[in-house]
J.: 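I am attaching a structure below and will ask some questions about it afterwards.
If you're wondering where the values come from, they're calculated on a predicted model, not measured in any experiment. Scope of the values below: all heavy atoms of this structure, side chains included, with no hydrogens, waters or symmetry mates.
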Amino acid sequence: MADRGCPLDVAPLPAEVRESLAELELELSEGDITQKGYEKKRAKLLARYVPLLQGVDPCLQAENRIPGPSVTTAVPKPQKSRPTSSRDERFRSDVHTEAVQAALAKYKERKMPMPSKRRSVLVHPSVETCTPPADLHSAPPDVTTGLMERPHCERPQVASVGGVPRGHRGSVLDTADGVPVNSRVSSKIQQLLNTLKRPKRPPLKEFFVDDFEELLEVQQPDPNQPKPEGAEVVVLKGEPLAMGTPWPPSLLAALQRWGTTQPKAPCLTALDTAGKAVYTLTYGKLWTRSLKLAYTLLNKLTSKNEPLLKPGDRVALVFPNSDPVMFMVAFYGCLLAELVPVPIEVPLTRKDAGSQQVGFLLGSCGVALALTTEACQKGLPKSQTGEVAHFKGWPPLAWLVIDGKHLAKPPKDWHPAAQDTGAGTAYIEYRTSKEGSTVGVTVSHASLLAQCRALTQACGYSEAETLTNVLDFKRDAGLWHGVLTSVMNRMHVVSIPYALMKANPLSWIQKVCSYKAHAALVKSRDMHWSLLAQRGQRDVSLSSLRMLIVADGANPWSISSCDAFLNVFQSRGLRPEAICPCASSPEALTVAIRRPPDLGGPPPRKAILSMNGLSYGVIRVDTEEKLSVLTVQDVGQVMPGASVCVVKVEGTPYLCKTDEVGEICVHSSATGTAYYGLLGITKNVFETVPITSGGAPVSERPFTRTGLLGFIGPDSLVFVVGKLDGLMAVGVRRHSADDVVATALAVEPMKFVYRGR
């Protein structure tokens, strides 16, 4: 080795220390550590060997070792030690530099993005190199930018390798421009090049799983899927309304008649949570209290010396399910005052989500006044001033308590001028869609009267009959039977609160027995609960019932409750023909109801249908032994005076075929008339014109969509298999949420489905 003015016979440092020092110098040259960091680490490495270096020439302890112009020769293999002064030349060789520059040139040719940083894995080969210019190592090439020009240097010849660490097998590799090197540093560069040759990211197509393409494809219909094969359905007409029957000219006329001629006849009995009768409202009391409320609303409520209300204004009725008496007074008081009642649920909190939707309904209806009772008002959330709090999403409301002491008695010569026979709105019933939005369905005075007459004829109601009502009296069948039709016929309604049913599920059966009720209005859940609670009850009799109206008989799972209830209570006087399922919707009101044989109804029927066929909208009869079938019961015949047809669920309302499931549509004078204030969706639902396959309309009069999915079966009986709101489309197949529940109940209802679910 050329003499650089430093003695070479000093005691050599251990090989691992020398290698660590060489690593440190390489890191400094490549800029991986700062000068200060280099000095600190070097001092730490040499601390234990300070005595060995005492008296050594200062050139051995120099911090910056700048190589001279001499050429370093290859070290013979037998040599064991190497002076530390030769390390700079070995690790700053032109072979290394040229390999880096070759890689940089290749980057420029390909115009590919540079890596942000490179770290080398240190090895210690000894090669013959040409001496680079002195200024090259003072400013080492920056591989992160590739901006430095490579100095001219002839390609060196590879000499013998010495000083390779144990276990390292050197192999000759080619860099980008074919320079042979013996270094893991160059292999790292080659690895970088190989990485950069590949695309930075895979093509967009590879980001998606294979079956995603199948989902994007339009699914072609299965050639083996069942298809409807029957003839086109025809419009089914119900029996005409009985002519010559002494109908009251209007509902208010019936109220006035019974209130003045039969004032002591019982109208409504309210029960407490213990099942005791707390109050019986007579027809005389209903008439006089309704008159007082109507007079108060029209004459005693003023704002800036002007009447607060005028005919046609909407008024909210806020009454709990435990107070049917005051609700009935409020409802008929509004009708007498020519106001439009909007029954809603009692708000429980100021920010209840369902209450916000009701608030939207009240705002769209322009409601400014709410009627309630003193007890109900005390339970409402209050503001700091003690007034009823403003509920989120609600319009500003004035609250009127209608208990007796708050109402003014009208003069003897005052009579309401209510006209309740025309097309004006009688009341608004709210409906909540599956998305959670709430809309108001308007029912005209003419529709209300027609509904009462049709139900009277279909159910054979007569004066002084007793009806036990378990349903909500503010809406749907509970309102139509228990508040409206009952007054038309001077019936006595026993209203059973929901809280009593929770405490004693058998209470409605006990009241049927004690009041000798002729009709009962329930849901299948009430029948199911009473079955679980009837053990040990041997003294009840249902022989007085001629009609057990199942208001949710259109649900497929109701058949299991009906059959189980009949099996238990047939021995206690219940006749099989007394069970009368019905179908209804807020838009079409009552669509169909099963009549007892004494009213001319055909015998009840069941349909055992293939669920595979139903998923394609096709009716295929199957056997009952399978679990993949849906068993449904009929919901009776079309209502008197109504016409029914079945149209396709999607697109143009073409008539379905006889073995095809579609949406049931009704034309009748006893349906809702519109969604209040929503002209667009009103036209789609209340003004549908079904057409034949040839494109001709089936009628000059529009039909109302019911939202019920079904078909017309034998004996002109209507069958319902689900609701449009519960329809789930998966590809080309349709499934009903009701079918899922019905399947679970068919498997093992007592074990897999909890009570009341």
Side-chain angles (χ1 to χ4, degrees), residues 297 308-309 312-324 326-331 333-335 339-383 387-402 425-443 471-480 482-483 497-499 584-587 589 672-682 685 707 723 725:
L297 292 173
L308 182 66
L309 301 170
D313 283 352
R314 278 71 58 196
V315 176
L317 306 189
V318 185
F319 296 89
N321 291 340
S322 58
D323 196 352
M326 295 309 296
F327 172 82
M328 204 168 187
V329 170
F331 192 93
C334 288
L335 294 184
L339 301 174
V340 179
V342 185
I344 61 172
E345 300 297 330
V346 177
L348 301 179
T349 62
R350 298 179 62 177
K351 297 182 179 181
D352 181 51
S355 178
Q356 293 180 42
Q357 291 295 334
V358 173
F360 171 77
L361 170 66
L362 297 178
S364 62
C365 292
V367 173
L369 177 68
L371 307 183
T372 189
T373 62
E374 191 170 2
C376 182
Q377 188 190 39
K378 288 181 179 178
L380 294 175
K382 300 293 191 303
S383 63
E387 299 177 350
V388 176
H390 176 72
F391 298 100
K392 188 175 181 181
W394 284 38
L397 290 181
W399 292 81
L400 177 64
V401 175
I402 65 166
T425 301
Y427 73 95
I428 296 176
E429 180 172 324
Y430 75 89
R431 176 191 184 276
T432 303
S433 67
K434 65 178 178 180
E435 293 87 9
S437 59
T438 300
V439 296
V441 178
T442 63
V443 179
L471 306 185
D472 183 3
F473 50 79
K474 299 189 295 293
R475 60 198 302 258
D476 207 67
L479 175 67
W480 306 331
V483 175
Y498 187 68
S584 63
S585 74
E587 293 83 358
L589 308 187
T673 56
Y675 291 126
Y676 189 88
L678 303 172
L679 300 179
I681 59 175
T682 290
V685 173
K723 294 182 179 179
D725 273 355

J.: In Å and rounded to the nearest 0.5 Å, what is the CZ to CD distance from R431 to E429?
T.: 11.0 Å
J.: Quick check against the 3.5 Å criterion: does R314 have a side-chain atom that pairs as donor or acceptor with the backbone of G312?
T.: yes
J.: With sequence neighbours left out, write down each residue that passes side chain to side chain contact (heavy atoms under 4.5 Å, CB included) with V685, or none if nothing qualifies.
T.: E587, Y675, R705
J.: Quick one, L361 and Y676 - any side-chain contact, counting heavy atoms below 4.5 Å?
T.: no
J.: So, for P347 and L380, which heavy atoms are closest and what is the spacing to 0.1 Å?
T.: O-CD2, 3.8 Å
J.: Do S383 side-chain atoms and E387 backbone N/O form a donor-acceptor pair below 3.5 Å?
T.: yes
J.: Does any non-hydrogen side-chain atom of Y427 lie less than 4.5 Å from one of L479?
T.: yes
J.: Are I428 and C365 packed together at the side-chain level, in the sense that at least one heavy-atom pair is separated by less than 4.5 angstrom?
T.: yes
J.: Let's go through L317 and C334 carefully: what are the C-alpha distance in whole Å and the side-chain angles of both, what is the deciding distance for side-chain contact (heavy atoms from CB on, under 4.5 Å) to 0.1 Å, and is it a yes or a no?
T.: CA-CA 10 Å; L317 306 189; C334 288; 4.1 Å; yes
J.: Is there a side-chain contact between D323 and C376, using heavy atoms and a 4.5 Å cut-off?
T.: no
J.: Which heavy atom of V441 sits nearest a heavy atom of P586, and at what distance?
T.: CG1-O, 3.4 Å
J.: With the side chain counted from C-beta on, respond yes when L362 and P395 share a heavy-atom pair under 4.5 Å apart, and no when they do not.
T.: yes
J.: From D476 CG over to S585 OG, what is the distance, rounded to the nearest 0.5 angstrom?
T.: 8.5 Å
J.: Mind listing the closest non-hydrogen atom pair of G359 and W394 along with its distance?
T.: CA-CD1, 3.3 Å
J.: Should we count NZ of K392 as having more than 12 external heavy atoms under 6.0 Å?
T.: no
J.: For V401 and Q377, work out which heavy atoms get closest and say how close.
T.: CG2-OE1, 3.3 Å
J.: How many angstroms lie between CG in L297 and CG in L371, if you round to the nearest 0.5 Å?
T.: 6.0 Å
J.: Measure the OG1-CD1 distance between T438 and I344 for me, rounded to the nearest 0.5 Å.
T.: 10.5 Å
J.: Side chain to side chain contact (heavy atoms under 4.5 Å, CB included) with Y498: which residues, sequence neighbours excluded?
T.: K502, R525, W529
J.: Decide yes or no on side-chain contact (heavy atoms from CB on, under 4.5 Å) for L397 and H390, but give the supporting numbers first.
T.: CA-CA 8 Å; L397 290 181; H390 176 72; over 6 Å; no
J.: Could you tell me which non-hydrogen atom of A477 sits nearest to which non-hydrogen atom of L471, and how far apart they are?
T.: CB-CD1, 4.1 Å
J.: Cut-off 3.5 Å, side chains only: do T442 and T425 have a donor facing an acceptor?
T.: no
J.: Please report the interatomic distance CG(L369) to CG(L339), rounded to the nearest 0.5 Å.
T.: 8.5 Å
J.: Does a side chain donor of either Y430 or Q357 reach within less than 3.5 Å of an acceptor in the other side chain?
T.: no
J.: Rounded at 0.5 Å granularity, tell me how far OG in S437 sits from CZ in F360.
T.: 8.0 Å
J.: Using every non-hydrogen atom in the two residues, find where L348 and P381 come nearest and quote the distance to one decimal.
T.: O-CG, 3.8 Å
J.: Aromatic rings F319 and F327: how do their planes relate, parallel, tilted or perpendicular, breaks at 30° and 60°?
T.: perpendicular
J.: So does K474 pair up with D472, basic N to acidic O under 4.0 Å?
T.: yes
